[in-house]
Q: 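If you scroll down you'll find the structure; I have some questions about it.
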Amino acid sequence: MTGVRSGEAGGRLGAAELGTELGDRATLVQFSSAFCQPCRATRRVLADVAALVPGVAHVEIDAEGALDLVRALRIDRTPTVLVLDTEGREVRRAAGQPRKADVIAALGAAI
């Protein structure tokens with residue numbers, strides 16, 4: 001995934017922050033904005049990966065509607081994708097539109 005950084009936030013995210021439960025094996029968290037064309041393509045890629053890999057959830061968050069979370073996590077642009085492990089710890093981060101193969105490879109750090 002382009003722009004990947006490990007363990008950026010240092011904390012944990014859970015259902016309270018994400019608005020849904022974490023995946024059984026990993027969670028792909030996508031920060032998007034309404035008029036972001038790469039966000040739409042990223043949504044398709046992440047949904048495909050979540051459908052392909054058992055126990056992986058995909059959560060999309062509207063960055064404009066979650067400004068406190070965006071600031072706390074230092075999200076600088078959309079799309080930004082976080083890969084969370086089962087405990088909600090960030091293990092990978094990428095900014096920009098990812099390729100499917102890169103997302104699958106990044107999941108290896110969480111699973």
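Just so we're clear, the structure is a prediction, and the values are computed from it rather than from any experiment.
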Q: In Å and rounded to the nearest 0.5 Å, what is the CD1 to CG distance from Ile75 to Leu67?
A: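 Atom-to-atom, Ile75:CD1 and Leu67:CG are 11.5 Å apart.
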Q: Please name the pair of heavy atoms, one in Pro98 and one in Val103, separated by the smallest distance, quoted to 0.1 Å.
A: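 Shortest heavy-atom contact: CB-CG2, 3.7 Å.
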Q: Quick one: which of Arg93, Glu90, Arg92 gives a side chain to side chain contact (heavy atoms under 4.5 Å, CB included) with Val83?
A: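 Output: one option passes, namely Arg92.
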Q: In Å, rounded to the nearest 0.5 Å, how long is the span from CD of Glu64 to OG of Ser33?
A: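 The OG atom of Ser33 is 6.0 Å from CD of Glu64, to the nearest 0.5 Å.
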Q: Can you tell me how far the CG atom of Leu73 sits from the OG1 atom of Thr80, to the nearest 0.5 Å?
A: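 These two atoms lie 10.0 Å from each other.
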Q: Can you see which heavy atom on Ile111 is nearest to which on Arg25, and at what distance?
A: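 Minimum heavy-atom separation between Ile111 and Arg25: CG2-NH2, 2.8 Å.
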Q: Would you name the heavy atoms of Ala34 and Arg40 that are closest together and state the gap between them?
A: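 Looking at all heavy atoms of both residues, the closest pair is O-NH2, 3.6 Å.
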Q: Do Phe31 and Leu69 make a side-chain contact, defined as non-hydrogen atoms from C-beta onward lying under 4.5 Å apart?
A: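 A side-chain contact under 4.5 Å exists here.
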Q: Is the closest side-chain heavy-atom distance between Thr27 and Leu13 below 4.5 Å?
A: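 With C-beta onward as the side chain, the pair stays apart.
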Q: Hey, could you give me the CZ/CD distance between Arg44 and Gln97, rounded to the nearest 0.5 Å?
A: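 Rounded to the nearest 0.5 Å, the CZ-CD separation comes to 8.0 Å.
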Q: Of the non-hydrogen atoms in Pro79 and Pro38, which two are nearest, and what is the gap between them?
A: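 Between these two residues, the closest heavy atoms are CD-CB, 3.9 Å.
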Q: Supply the atom-to-atom distance Leu84 CG to Glu17 CD, rounded to the nearest 0.5 angstrom.
A: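 Going from CG on Leu84 over to CD on Glu17, the span is 10.0 Å.
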Q: Please tell me whether Leu52 and Leu46 are part of a single hydrophobic cluster in this structure, the criterion being side-chain heavy atoms less than 4.5 Å apart.
A: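 Per the 4.5 Å side-chain linkage, Leu52 and Leu46 are co-clustered.
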Q: For the pair Thr42 and Thr78, evaluate side-chain contact (heavy atoms from CB on, under 4.5 Å) and give the outcome as yes or no after the intermediate values.
A: CA-CA 10 Å; Thr42 298; Thr78 59; over 6 Å; no
Q: How far apart are the C-alpha atoms of Leu18 and Val29, what are their side-chain angles, what is the distance that settles it, and do they pass the side-chain contact (heavy atoms from CB on, under 4.5 Å) test?
A: CA-CA 8 Å; Leu18 301 177; Val29 181; 3.9 Å; yes
Q: Give a yes or no on whether the backbone of Cys39 and the side-chain of Gln30 come within a donor-acceptor separation of less than 3.5 Å.
A: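 Yes; judged by distance alone, with no hydrogens or angles, the pair exists.
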Q: Kindly give the heavy-atom pair with the smallest separation between Arg99 and Val45, and that separation in Å.
A: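 That closest heavy-atom pairing would be C-CG1, 4.2 Å.
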Q: Might you point out which heavy atoms bring Glu87 and Leu22 nearest each other, and give the distance in Å?
A: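 Answer, listing the atom of Glu87 first, then Leu22: C-CD1, 4.0 Å.
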